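Structure first, commentary second.
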Amino acid sequence: MIRTRFAPSPTGFLHVGGVRTALFAWLLARQAKGHFILRIEDTDRTRHVEESEQHIMECLKWLGLEWDDGPYRQSQRLDLYKEWGKKLVQAGRAFADPYSAQELEELRTGAVNAHQPFLYRDYRPKNPTSWDGSQPLRFKSEPKAYSWRDEVMGKLKSVPEAIDDFILIKSDGFPTYNFAHIIDDHLMKVSHVIRSQEFLPSVPKYLNLYEALAIERPKLATLPYVLAPDGQTKLSKRHGAKDILDYRREGYLPEALINFLATLGWHDGTNQEIFSIDELIEKFSLERVQRGGAKIDEKRLDWINGHYVRQKPIDELYELSKDFWPSSAKNQTVDYKKSVLTVVQERLKHCSELSALTNFFFEDLAIDLSLIDDNKQLSSLGRHKQTSLLEAAIEKLAQGDFKPKDLADKLNNLLSETGQPPAVLFSLIRIATTWAPASPGLAETLSLLGRDRTIERLQKSIAALNSGP
RNA sequence: GGUCCCAUCGUCUAGUGGUUAGGACGCAAGGUUCUCAUCCUUGUAACGGGGGUUCGACUCCCCCUGGGAUCACCA
């Protein structure tokens, strides 16, 4: 039975790097019809952020990464770690650390000054006092060379110098990550430990601990870093990382983010770029995970998101985009907004653009003559010609049912009657009825605006042209 | 500094000894009766360097360089 876990520490918001780790673990579990476990690693009381746990779960839920087991909290399992710590003491593989923080620091700086690597085991106490739970409990390592297989990285090896004594349980009674995750993975029957690359240098220590504990080692899969968009440093809260929920706030679709994350460091080997969740579950494999880090490319995310937005049935898209309408749309009917949405759907990359793309459907934008004067063809017409063309438009458009088909016909008639090319006539009408830098097709736009508003805006524009410079 | 990991277009990647080094994003140009976007077409651009192994290396080995991580009573 495949059992994977996501084990974040509740120290702040979740970002792309963390979520990708969760996604890969989730995909592996789903693919094998196994279990995906959520475990909160809250063993550092000083860095604990109260709302963080809720935040983590909200992110996972939004993305659809539902867990089958948990959430476990390590802070509620202290007795377990203590019990396993005692086993190690009895086996002679752990001892109470007698050094104070200051003493340790002195040993360390001494080694550094002597240009020697610091290894605790060189200073291991001869006759440690028995462990009563108030001192830190330290692992007594048995340094040796290891070679092992990582599900992503392949063959890995290490030298004995990579292994040292380390703290299992802190003096406050909480275990360290190094100890707790080993115990928990064992007790929770985790089959694949999937985690980010930063733990790689510690793996030899873990291998040594598995042996001392005489427990079976799960499969290890090391994921490369997700890199910040600009530099080449790993993504972190200090460097370029964005709260996952910010993506939701900006109108990104969960399936788009999943698709983006999955193909950031993984690829199925074909030319396929767009993967549904089900396809990912079917096709994902640790073998094909990249070994080098991958930078976040926001442009690519936008492209993927745009793809999903364009695919969305209009009713669904409407539900998703509810928060993104301009404030002037507040009192408009659902039907009208859906019509507007239909017309702008294909130019929407994410929902937060909705307001800027549609505001002129709900309010009169400020008249900005530079839209006309900066256009060579339009400005060369001169004010008189401009206004006479708009007047002709009013006359023509005043009749008819104002449906897009009817408007298209009328606009075409107008072309031949005025002898103007579309680049002139349509541009002029489009600007005079929207005063927006861009809009959907002219006939659709006018139809949605309706006869009254169209005529009114044309008249206002004529007036502005006549009184303007 | 010790240890460990990594290395193909700007970015994400395909490639597993013989390819015109492929795709996608981006960017540029053109087309689709106006703009913006979509869509289509075309273009742009890469194997870090040096040694080997081999008839033949992007592919295998070594060295260098570069990048990153880690050396906590943080995870």
Side-chain angles (χ1 to χ4, degrees), chain A residues 7-11 41-44 46-47 97 99 101 104-105 108 111-112 115-119 135-138 150 153 156-159 161-164 166-172 174-178 180-181 195-204 222 224-225 227 229 231-234 260 263-274 288 290-304 306-307 310 344-349 353 357 371 375 377-378 408 411-412 415 420-431 434 436-442 445:
Chain A
S9 63
T11 54
E41 310 230 314
D42 55 349
T43 54
D44 185 350
T46 61
R47 291 206 309 156
D97 186 344
Y99 293 119
L104 270 178
E105 195 47 44
R108 216 168 260 131
V112 170
H115 299 286
Q116 294 291 316
F118 173 76
L119 287 171
Q135 316 100 314
L137 184 68
R138 195 176 279 267
D150 185 279
M153 294 296 180
L156 297 177
K157 57 183 185 326
S158 69
V159 295
E161 289 69 37
I163 294 177
D164 194 14
F166 58 94
I167 300 288
L168 301 169
I169 297 180
K170 298 177 271 183
S171 55
D172 65 2
F174 281 68
T176 59
Y177 166 83
N178 295 140
H181 90 272
R195 67 185 148 203
S196 135
Q197 211 181 36
E198 62 194 300
F199 296 101
L200 207 47
S202 298
V203 169
T222 300
Y225 290 116
L227 273 16
Q232 61 288 67
T233 56
K234 81 166 190 176
F260 173 71
T263 52
L264 194 64
W266 172 85
H267 200 271
D268 76 341
T270 70
N271 283 343
Q272 187 168 351
E273 305 286 343
I274 299 294
R288 294 201 63 94
Q290 209 71 17
R291 276 135 55 108
K295 282 180 202 163
I296 292 181
D297 183 357
E298 301 268 8
K299 289 265 178 54
R300 186 177 163 80
L301 172 59
D302 281 346
W303 172 72
I304 293 176
H307 172 86
R310 270 169 253 128
V344 298
Q345 180 174 20
E346 72 181 20
R347 49 210 89 202
L348 212 54
K349 278 202 174 64
E353 298 169 328
L357 248 35
L371 286 175
N375 179 316
Q377 288 195 83
L378 294 185
L411 288 167
N412 278 335
L415 281 180
Q420 294 292 340
V424 169
L425 185 70
F426 289 0
S427 291
L428 188 61
I429 297 175
R430 194 185 61 75
I431 291 169
T434 64
S439 76
L442 190 52
T445 300

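So you know, we letter chains A, B, ... as the sequences are listed, proteins then strands, and number each from 1. Since the model is a prediction, treat every value here as computed from it, not as a measurement.
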Checking all strands, does [X] fall into the base, sugar-phosphate, or nothing category for heavy-atom contacts under 4.0 angstrom?
{"X": "A:G306", "value": "nothing"}
{"X": "A:L415", "value": "base"}
{"X": "A:S171", "value": "base"}
{"X": "A:L200", "value": "sugar-phosphate"}
{"X": "A:S9", "value": "sugar-phosphate"}
{"X": "A:E161", "value": "nothing"}
{"X": "A:T43", "value": "sugar-phosphate"}
{"X": "A:R195", "value": "nothing"}
{"X": "A:V424", "value": "nothing"}
{"X": "A:H115", "value": "nothing"}
{"X": "A:P8", "value": "nothing"}

What nucleotide among [options] has an atom nearest to a side-chain atom of [X]?
{"X": "A:Y225", "options": "B:G26, B:A75, B:A69", "answer": "B:A69"}
{"X": "A:D297", "options": "B:A14, B:C34, B:C25", "answer": "B:C25"}
{"X": "A:E198", "options": "B:A69, B:U35, B:A72", "answer": "B:A69"}
{"X": "A:T176", "options": "B:C73, B:C34, B:U11", "answer": "B:C73"}

Using a 3.5 Å distance criterion without hydrogens, assess whether the side chain of A:R288 forms a donor-acceptor pair with backbone atoms of A:W266. no

Between A:Y177 and A:D44 (side chain of the first, backbone of the second, donor and acceptor by atom type, cut-off under 3.5 Å), is there such a pair? no

What's the [atom1]-[atom2] distance between [X] and [N], to the nearest Å?
{"X": "A:N271", "N": "B:G15", "atom1": "CG", "atom2": "C1'", "answer": "12 Å"}
{"X": "A:D42", "N": "B:C74", "atom1": "CG", "atom2": "P", "answer": "14 Å"}
{"X": "A:K295", "N": "B:A7", "atom1": "NZ", "atom2": "C1'", "answer": "12 Å"}
{"X": "A:Q116", "N": "B:G2", "atom1": "CD", "atom2": "P", "answer": "11 Å"}

Euclidean distance for [atom1], [N] against [M] (whole angstrom):
{"N": "B:G15", "M": "B:G23", "atom1": "C1'", "answer": "11 Å"}
{"N": "B:G68", "M": "B:C36", "atom1": "P", "answer": "41 Å"}
{"N": "B:C58", "M": "B:A75", "atom1": "C1'", "answer": "38 Å"}
{"N": "B:G26", "M": "B:A37", "atom1": "P", "answer": "11 Å"}
{"N": "B:C47", "M": "B:G66", "atom1": "C1'", "answer": "15 Å"}

Kindly say if [X] contacts the phosphate of [N], meaning a side-chain N or O under 4.0 Å from OP1 or OP2.
{"X": "A:K170", "N": "B:C74", "result": "yes"}
{"X": "A:T233", "N": "B:G67", "result": "no"}
{"X": "A:R291", "N": "B:C6", "result": "yes"}
{"X": "A:K349", "N": "B:C36", "result": "no"}
{"X": "A:R310", "N": "B:C39", "result": "yes"}
{"X": "A:R138", "N": "B:A72", "result": "no"}
{"X": "A:Q290", "N": "B:A14", "result": "yes"}
{"X": "A:R300", "N": "B:G26", "result": "no"}
{"X": "A:K234", "N": "B:G68", "result": "no"}

Let me know which of A:Q345, A:R430, A:E346, A:R347 forms a side-chain contact (heavy atoms from CB on, under 4.5 Å) with A:P440. A:R347

Pair A:T176, A:N178: side-chain N/O donor-acceptor within cut-off below 3.5 Å: no

Please determine whether any donor N or O and acceptor N or O are separated by less than 3.5 Å between the side chain of [X] and the base of [N].
{"X": "A:S158", "N": "B:C4", "answer": "no"}
{"X": "A:R430", "N": "B:C34", "answer": "yes"}
{"X": "A:N375", "N": "B:U35", "answer": "no"}

On a heavy-atom basis, which atom in A:T11 and which in A:R47 lie closest, and how many Å separate them? CG2-O, 3.4 Å

Could you tell me whether the side chain of A:L428 reaches within less than 4.5 Å of the side chain of A:Q420, counting heavy atoms only? no

If you measure from CZ on A:R108 to OH on A:Y99, what distance do you get to the nearest 0.5 Å? 11.5 Å

